[in-house]
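First up is the structure itself, then whatever we jot down about it.
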Amino acid sequence: GAVVSQHPSRVICKSGTSVKIECRSLDFQATTMFWYRQFPKQSLMLMATSNEGSKATYEQGVEKDKFLINHASLTLSTLTVTSAHPEDSSFYICSAPETSEETQYFGPGTRLLVL
Amino acid sequence: LAKTTQPISMDSYEGQEVNITCSHNNIATNDYITWYQQFPSQGPRFIIQGYKTKVTNEVASLFIPADRKSSTLSLPRVSLSDTAVYYCLVAASGNTGKLIFGQGTTLQVKP
């Protein structure tokens, strides 16, 4: 099946700094990608829909100025956590629909720890 | 998006068949039912998807009654490596649109 990658797999940063997470569809194109956040022992929470060539659509309660999303190409979406704080520490996961297979593939996730 | 309800946790033993039932009373006509598996610190992995009746693949079977208000994921002869969280999702556009995850079912397979 198709593959979605994320980079980095884990990152530790200081409070107040910004962190960029990349999501790539490796062998298919994705005009839309999705970003999720998952806290320990909890389910995935949809944060936003990343749209190639246009603005991302954010879910209610997700600050668009804090979680910047850029979908610059058909295979790459980036999530930047700006001015990160310890409460932003979480597991961030992206997904990309493979429309020809009518399925959606998830990345392996990025573990963010803000000190 | 239709809400789903699953048992929070289930225990089983190696070699047994496991059935996880999901309720989705408000499923819409164009909604599909999809199940994902997630291991700790990994992204979810697609297991199976269906619209009605029964679907079977090399990993699992999915049973959907005529009213489609529930579905049952069946895992034959589970092993320790099947210990994971299983999510039932309901969404239109098959499996290519926005997905809303419920609480999932944590399956613990014991030796």
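Throughout, a chain's letter reflects where its sequence line sits, starting with A, and its residues are numbered from 1. Source: prediction; values computed, not measured.
- Side-chain N or O atoms of Thr96(B) include none that pairs as donor or acceptor with a backbone N or O of Thr103(A) at under 3.5 Å.
- Tyr58(A) is connected to Trp35(A) through a chain of hydrophobic side-chain contacts under 4.5 Å among Ile, Leu, Val, Met, Phe, Trp and Tyr, so both are in one cluster.
- Linking ILVMFWY residues whenever their side-chain heavy atoms come closer than 4.5 Å, directly or via other members, leaves Met33(A) and Phe101(B) in distinct clusters.
- Gln38(B) and Gln38(A) share a donor-acceptor pair across their side chains, judged by distance under 3.5 Å alone.
- Aromatic pair Phe39(B)/Phe106(A): centroids not less than 6.0 angstrom apart.
- Heavy atoms from other residues, nucleotides or ligands lying under 6.0 Å from CG of Leu115(A) number more than 12.
- Residue Val55(B) is grouped with residue Trp35(B) when hydrophobic side chains (ILVMFWY) are merged at heavy-atom distances under 4.5 angstrom, including chains of intermediate members.
- Scanning all heavy atoms of the two residues, the minimum distance from Ile100(B) to Leu46(A) falls at CD1-CD2, 4.0 Å.
- Shortest non-hydrogen contact noted between Ser43(A) and Gln103(B) is CB-CA, 4.3 Å.
- Using a 4.5 Å cut-off between heavy atoms, Leu44(A) touches chain B through backbone and side chain atoms alike.
- Looking at Ser41(B), the atoms closer than 4.5 Å to chain A (heavy atoms on both sides) sit in the backbone and in the side chain alike.
- Rounding to the nearest 0.5 angstrom, the gap separating the OG1 atom in Thr57(A) from the NZ atom in Lys98(B) is 8.0 Å.
- Cluster annotation: Phe63(B) and Tyr87(B) are assigned to distinct hydrophobic clusters (Ile/Leu/Val/Met/Phe/Trp/Tyr, side-chain heavy-atom contacts under 4.5 Å, transitive).
- A distance of 9.5 Å separates CD of Glu101(A) from CZ of Phe46(B), quoted to the nearest 0.5 Å.
- Side-chain heavy atoms closer than 4.5 Å link hydrophobic residues (I, L, V, M, F, W, Y) into clusters, and following such links, possibly through other members, connects Leu75(B) to Leu80(B).
- Applying side-chain contact (heavy atoms from CB on, under 4.5 Å) to Gln104(A) and the options Leu99(B), Thr34(B), Leu89(B) leaves one that passes, Leu99(B).
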